[in-house]
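Below is one structure, written out as structure tokens; the observations come after it.
Keep in mind the model is a prediction, meaning the values are calculated, not measured. Chain letters run A, B, ... following the sequence lines, proteins first, then strands; residues in each count from 1.
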There are 4 protein chains.
Amino acid sequence: MSTGQRIGMLGTGLIADFYTNTLLAGRSRDSVTSVYSRSTERGKAFSERWGIAKYTTSLEEIVNDEDVDVVVVALPNDLHLEAITLAAEAGKPTLCTKPLARSGEEAKAILDVTRKHGVFTGYLEDLVYTPKTLKAMESVRAGAIGDVLWVRSRETHPGPHSAWFWDEGKAGGGAIVDLGCHCIEIIRTFVGKKVRPTDVFCWKDTLVHPITAEDNAVALVRFENGAVGQFEVSWTFRGGMDLRDEVAGTEGTIWLNHFLRTGFEMFSSGSSGGYVAEKAEADSGWLFPVGDEVAELGYVDMFADMFDSLERGAEPEETFFDGYVVNAIMDACFASSESGAWAPVNVEWPHPPAPRIQSAPEMHDGHAVIKREVLPDGRHKLIMKRSDTGEIVDMIVSG
Amino acid sequence: MSTGQRIGMLGTGLIADFYTNTLLAGRSRDSVTSVYSRSTERGKAFSERWGIAKYTTSLEEIVNDEDVDVVVVALPNDLHLEAITLAAEAGKPTLCTKPLARSGEEAKAILDVTRKHGVFTGYLEDLVYTPKTLKAMESVRAGAIGDVLWVRSRETHPGPHSAWFWDEGKAGGGAIVDLGCHCIEIIRTFVGKKVRPTDVFCWKDTLVHPITAEDNAVALVRFENGAVGQFEVSWTFRGGMDLRDEVAGTEGTIWLNHFLRTGFEMFSSGSSGGYVAEKAEADSGWLFPVGDEVAELGYVDMFADMFDSLERGAEPEETFFDGYVVNAIMDACFASSESGAWAPVNVEWPHPPAPRIQSAPEMHDGHAVIKREVLPDGRHKLIMKRSDTGEIVDMIVSG
Amino acid sequence: MSTGQRIGMLGTGLIADFYTNTLLAGRSRDSVTSVYSRSTERGKAFSERWGIAKYTTSLEEIVNDEDVDVVVVALPNDLHLEAITLAAEAGKPTLCTKPLARSGEEAKAILDVTRKHGVFTGYLEDLVYTPKTLKAMESVRAGAIGDVLWVRSRETHPGPHSAWFWDEGKAGGGAIVDLGCHCIEIIRTFVGKKVRPTDVFCWKDTLVHPITAEDNAVALVRFENGAVGQFEVSWTFRGGMDLRDEVAGTEGTIWLNHFLRTGFEMFSSGSSGGYVAEKAEADSGWLFPVGDEVAELGYVDMFADMFDSLERGAEPEETFFDGYVVNAIMDACFASSESGAWAPVNVEWPHPPAPRIQSAPEMHDGHAVIKREVLPDGRHKLIMKRSDTGEIVDMIVSG
Amino acid sequence: MSTGQRIGMLGTGLIADFYTNTLLAGRSRDSVTSVYSRSTERGKAFSERWGIAKYTTSLEEIVNDEDVDVVVVALPNDLHLEAITLAAEAGKPTLCTKPLARSGEEAKAILDVTRKHGVFTGYLEDLVYTPKTLKAMESVRAGAIGDVLWVRSRETHPGPHSAWFWDEGKAGGGAIVDLGCHCIEIIRTFVGKKVRPTDVFCWKDTLVHPITAEDNAVALVRFENGAVGQFEVSWTFRGGMDLRDEVAGTEGTIWLNHFLRTGFEMFSSGSSGGYVAEKAEADSGWLFPVGDEVAELGYVDMFADMFDSLERGAEPEETFFDGYVVNAIMDACFASSESGAWAPVNVEWPHPPAPRIQSAPEMHDGHAVIKREVLPDGRHKLIMKRSDTGEIVDMIVSG
């Protein structure tokens, strides 16, 4: 048993709190030994809140600290490149929050510098690590739903809690950047991460809020094997946080609901308050909490994979390469919504081409069977394409 | 109390059965007095199955029959124009199954001939008449969800039961024509039928079946007021028939599930069989029947609206004009999937322009409020856009 | 086609409104021709509200009215015996709301007088006529769940709308009388109406409201064939009206949800109001309306069965005999909660004894198989009771 | 950070596998250092399966092993007393699987011997530690549902996997002992563990299987404060494992679904197999897996509480006293089903009496308000009990 990892936390915002909370509870043998903030005050407050020995306003200091084994980047997007470059130069394993960068180009620069220094990288995309997603992926790999044809991922809620998310300049976009990055990686996970995304169509609009960034978007991502991903993101959804994934395969279907309908239903007259769940809109009436929010959102299993992979010298499920692909797909989303047409995904792709999904149709007397139905009397009805005439015909056969 | 309508049924296929079943059960005072089929044999069998006095192979005969008050067209799409023209010339109120025609152009010809003869028309789009949709529309009209921003309608199943649906030549398309026409009208109903659909983006593909028509499609429909509709159709879905609508408004959300999850759950070891539901894939394991299928799918309320409107000299909710708009939108779907870009909806539009959806943001000290959150201590956090600098900032105020 | 039934409505309360609403909409050829009320004012108001030609304060007058074909009793329980006696003497078909009477004895008197005069009777227990229940019963009859072992029926809500329900003297009880009568008949319907209920155990208490009647109760009803029914009723439930039935059979399971989770989900910020559903507790937050409330609660199919049966000279599903059995079971509930032990159901039972449910166990090599499980490798594990030693043992066999 | 606990595992059956799996994954710093089995062969196999250094057939040896910090008893019920006595004499903290014993008397002997030796005890009732239950209890403690009135807990499935469960002699009962023990402790957790259970009513029967033990049971548990618990257990349920809890309070409602409906839905044509979930009945059709089964069933949080409590010198949520109370309540279940009447719970109770739940009714003009309803026009309708006459009357007042 390893004695655990000592973490240098970069950032003191909400996501740094979430990460620290998970790190201390999760494997129960890791520790946060230092925290970096641009503000001494926030660094001090964070270190006291979580019982962390050191805090600093120097990136150089924290990434080179001997008591720091692993650097976790939980900073605003525009600071990722600088922080990761320093950590890579210090030779430290580095984990970075989502999205990796503000663009595919910037993500590529981040990827390159970590590769140059040969450091371990982990992309902190929690939602591909939810217990339901992990279990669903087991079923997909076991063939339970056949070939994956179509993946839809939705994340919608009434909008983020901090001002900078709403500022297109700082965030590099709106709901696509905030929420779409999750959906894209969920889609890639189910389609297969070695299957190249080729092009994207995206609609976006600002329907409600007095901002310039999009508060609603829908996009389609086409993959080289014919599979299609679809994501729906919104900052104007009413009713809490809707977090759902659906996978359609040739042999089956998977529906995952991570938040509003997970088997926990509560009605309260509202005589008392209390935290219900992230992005909940109300604390009375019918409420839909989740059991263990940090576990259900994937944080626990994500850090477990990161550290277990690091300790055994393997790559985790999510690396900076994945973050780079997500940024490239988001670039294509913005290009498409600009042009009103499909936009190509510009990404350096290391994997060989994946063949087109195809199922050899069942044949009957030399004709391709389109559909086979069981009739009430036990006989089967075949709808077939005649190989000679191309006509589509019915035929009843014994079962 | 009227003594009811006497119907001439054109067609003897599955949908004619569904209609006849509903007509006889529904208001319980209407009757089918004659049936037309191209085949004497099928006409005779149908008339015997339903206790109908007459059957004929002559369109002219049935539309001019004195015992026929209303003509119901349940024929394949390529026969609609001819049948409706004859019925209009006979001055008979005419109801037609969906889709109205094979193209917007053909639909326009149908619309024109009925207008020329001034006959009552009803477009038999059952799914906007489901009890849930009717009730949801009451809530929408009462303002319960504010302005409608986004409507998603899905119809997916493992594919139709008859050969001709799979034949692109006869059907004029695949899943879009079979299922998308429902979704489009559901979207229009929630967005507002006087709001002009302007353009469409559509992806379609043939992923599984050995056919030329699409077996999967996703489309976005943009409306002049900024609202967007989204439909998802598939003939490759596994698990039954998924029939769901979702409406997102500025003040609320509506989710309707018409089929697989309606509060009726059954597990059967499969020791006995029996009809479960339309397009069910199995008769053992967990099954999800609906209570009264014909009512839940809207047939009962659809015919009630048609005949009640006819009897009081009013237009029903769904007329041939609506069928024409649906065809025009489907034309745009095919154009867009060809071009890979948004395609305009070509439709003669009688209504005045609808203004862009917009909500005047809440103002605080002259700044636009982007979001207001209640903090645990009862104070409110405002995220605002400063009117002077354009900066987005936080401010805590008393509640 | 019959020209429909002309109804004399006795009563002007909420249930009379519900009935009249259904009667006018349902088959669309029936009519209410006269209304009786103890108060001229209420009778006049009701007749105007529904467009009814006559109103009267004389029971004799309405039951003998030549324009009244069928008498519907929607009066408080203590007036049923008198009204039904007069209607029976007038030779009129009579339908009565639930419960039939205040006790088994009074119900028996009602049953006897209608039998003496040979009139058609219908017991207006709507909840066995919900579309889901009718469909579920089809499956049960087709054998889809094998022998019915256990039926649970729940009706709970925050309490009735009218003062008299809360008055034990007038109502003859509390939640058991108001809600339990529904549950009991649902249980009988699934277990089989010819299977004799033998004894009852009941807990009841007044937990919240300042009343003497019970506001909560749970009861078990044992049947002669070994099946057991369980009902749960409450006037203190928070969250709306919970209306659920569950049936466990030897080969399957049925779960019906009639109200709070039927595939219709709505979130509203509450900026506008409007009727949501019977017994709904709120008009903002997450709301769960039903589509067509009158249909979903069974009123439509109930009156259709009543009139169709009457017209073809048959008995409806629910007669006064059923109302009598329900009263007898409720009597046993009160007796049991008094004694703290099982109480017998005192009822004159016309049907032959039903044998004990039993399934001959599968035999393997002369031993009874308790359970057969499929192992991952395809072999089967048998848990068996050795016929020689009585020991319970495992054995692995090929599949 | 502690270096973790070294566990001596007593038993090698399914539950020992579950525990070991959880212990190794959970806090990730605990270890199993030795395993006891009555059979050398099974002990060796288990030690190899889990990489455990030692195995033994001597209880004395394992409980006195210097490398064992904590003893976990995962043996059949009839071996608990002996094993725990030895562990207590060795002064080792001892955790025991459920149920604690075969009777209240035996449980009391176990409790006494551990108290005499002053050892830490933990009762391994996992289902009160599910993430949903923990979160729900937070809400209950925060007052979100007011006073708890009624708790229903259900566990039903098609029957256990091992022969000994079906053997009344070895197991000490059937479904009550196997499943009811879970339900009882869930009920106590929500009602309040310091509230004394006073008496029990229980129905049980053997409806399907060729065994002498009960395969179905329903029981009511009354508490001194008026609250009532209800449990439903079955070994004949078809459709998987139904694990649901419901809590009704004066101000709210909680519904928990731990297994069949947790937001994970999968349809598979069955072209491939694979493990779905504990007690699943099928591997094709609609399936309802859970994400992380061990976490969702409470094992992870249970062991975390046990070890964290041990390490900080506190009592865990579940001690042997709780196991003793559960056994006493199960004794009362058997007594009641024998007598057909309420049976008292015989338990030595250390806590002071809890007062009867009661809410002072809202008063209006000196009369107790039974119900307050908001009318569509904003006025309120009060149903009140007149303090002078005792009559129950309506009154409309401004809101």
Report which part of [X] has an atom under 4.5 Å of a heavy atom belonging to chain C: side chain, backbone, both, or neither.
| X | value |
| --- | --- |
| D:Asp147 | neither |
| D:Gln358 | neither |
| D:Asn216 | side chain |
| D:Glu246 | side chain |

- request: Considering only heavy atoms and a distance below 4.5 Å, find which of C:Val208, C:Thr156, C:Asp199, C:Ile357 pairs most often with chain D.
  value: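 With the most close heavy-atom pairs to chain D, the winner is C:Val208.
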
- prompt: Do you know which of C:Arg222, C:Gln230, C:Lys381 has the most heavy-atom pairs under 4.5 Å to chain D?
  reply: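 The option with the most such pairs is C:Gln230.
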
query: Under 3.5 Å, is there a donor-acceptor pair between the side chain of D:Lys371 and the main chain of C:His161?
result: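 No, the answer is negative, given that no donor and acceptor are paired below the 3.5 Å cut-off.
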
task: Could you pull out the closest heavy-atom pair between C:Pro210 and D:Val369, with the gap in Å?
output: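 That would be CG-O, 4.0 Å.
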
message: Testing the basics here: between C:Arg356 and D:Leu207, what is the closest heavy-atom pair and its distance to 0.1 Å?
response: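 That would be NH2-CD2, 3.8 Å.
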
message: Using only non-hydrogen atoms and a strict under-4.5 angstrom cutoff, which residues of residues 167-176 of chain C touch chain D?
response: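 C:Asp167, listed by number.
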
- prompt: Which of residues 384-397 of chain C get closer than 4.5 angstrom to chain D, counting heavy atoms alone?
  reply: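 Residues of residues 384-397 of chain C touching chain D at under 4.5 Å: C:Lys385, C:Ile392, C:Val393, C:Asp394.
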
message: So for atom CD, which belongs to D:Glu338, do other residues, nucleotides or ligands contribute more than 12 heavy atoms lying within a distance under 6.0 Å?
response: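 Count not over threshold, so no.
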
Got [X] and [Y] here, is their nearest side-chain heavy-atom distance under 4.5 Å?
| X | Y | value |
| --- | --- | --- |
| C:Leu149 | D:Thr236 | yes |
| C:Leu220 | D:Val218 | yes |
| D:Phe201 | C:Trp203 | no |
| C:Asp205 | D:Val228 | no |

message: Check C:Arg154 with D:Glu232, please: is the shortest side-chain N to carboxylate O separation under 4.0 Å?
response: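 Judged by the 4.0 Å cut-off on N to carboxylate O distance, D:Glu232 and C:Arg154 do not form a salt bridge.
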
Chain C contacts, top residue of D:Gly252, D:Ala341, D:Ala163 (heavy-atom pairs, under 4.5 Å):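 Highest number of heavy-atom pairs under 4.5 Å: D:Ala163.
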
message: Under 4.5 Å from any heavy atom of chain D, what part of C:Trp150 do you find: side chain, backbone, both or neither?
response: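 Contact with chain D is through the side chain of C:Trp150 alone.
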
- prompt: So is C:Arg238 actually on top of D:Trp255's ring, under 6.0 Å and inside 45° of the axis?
  reply: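 That pair does not qualify as a cation-pi contact.
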
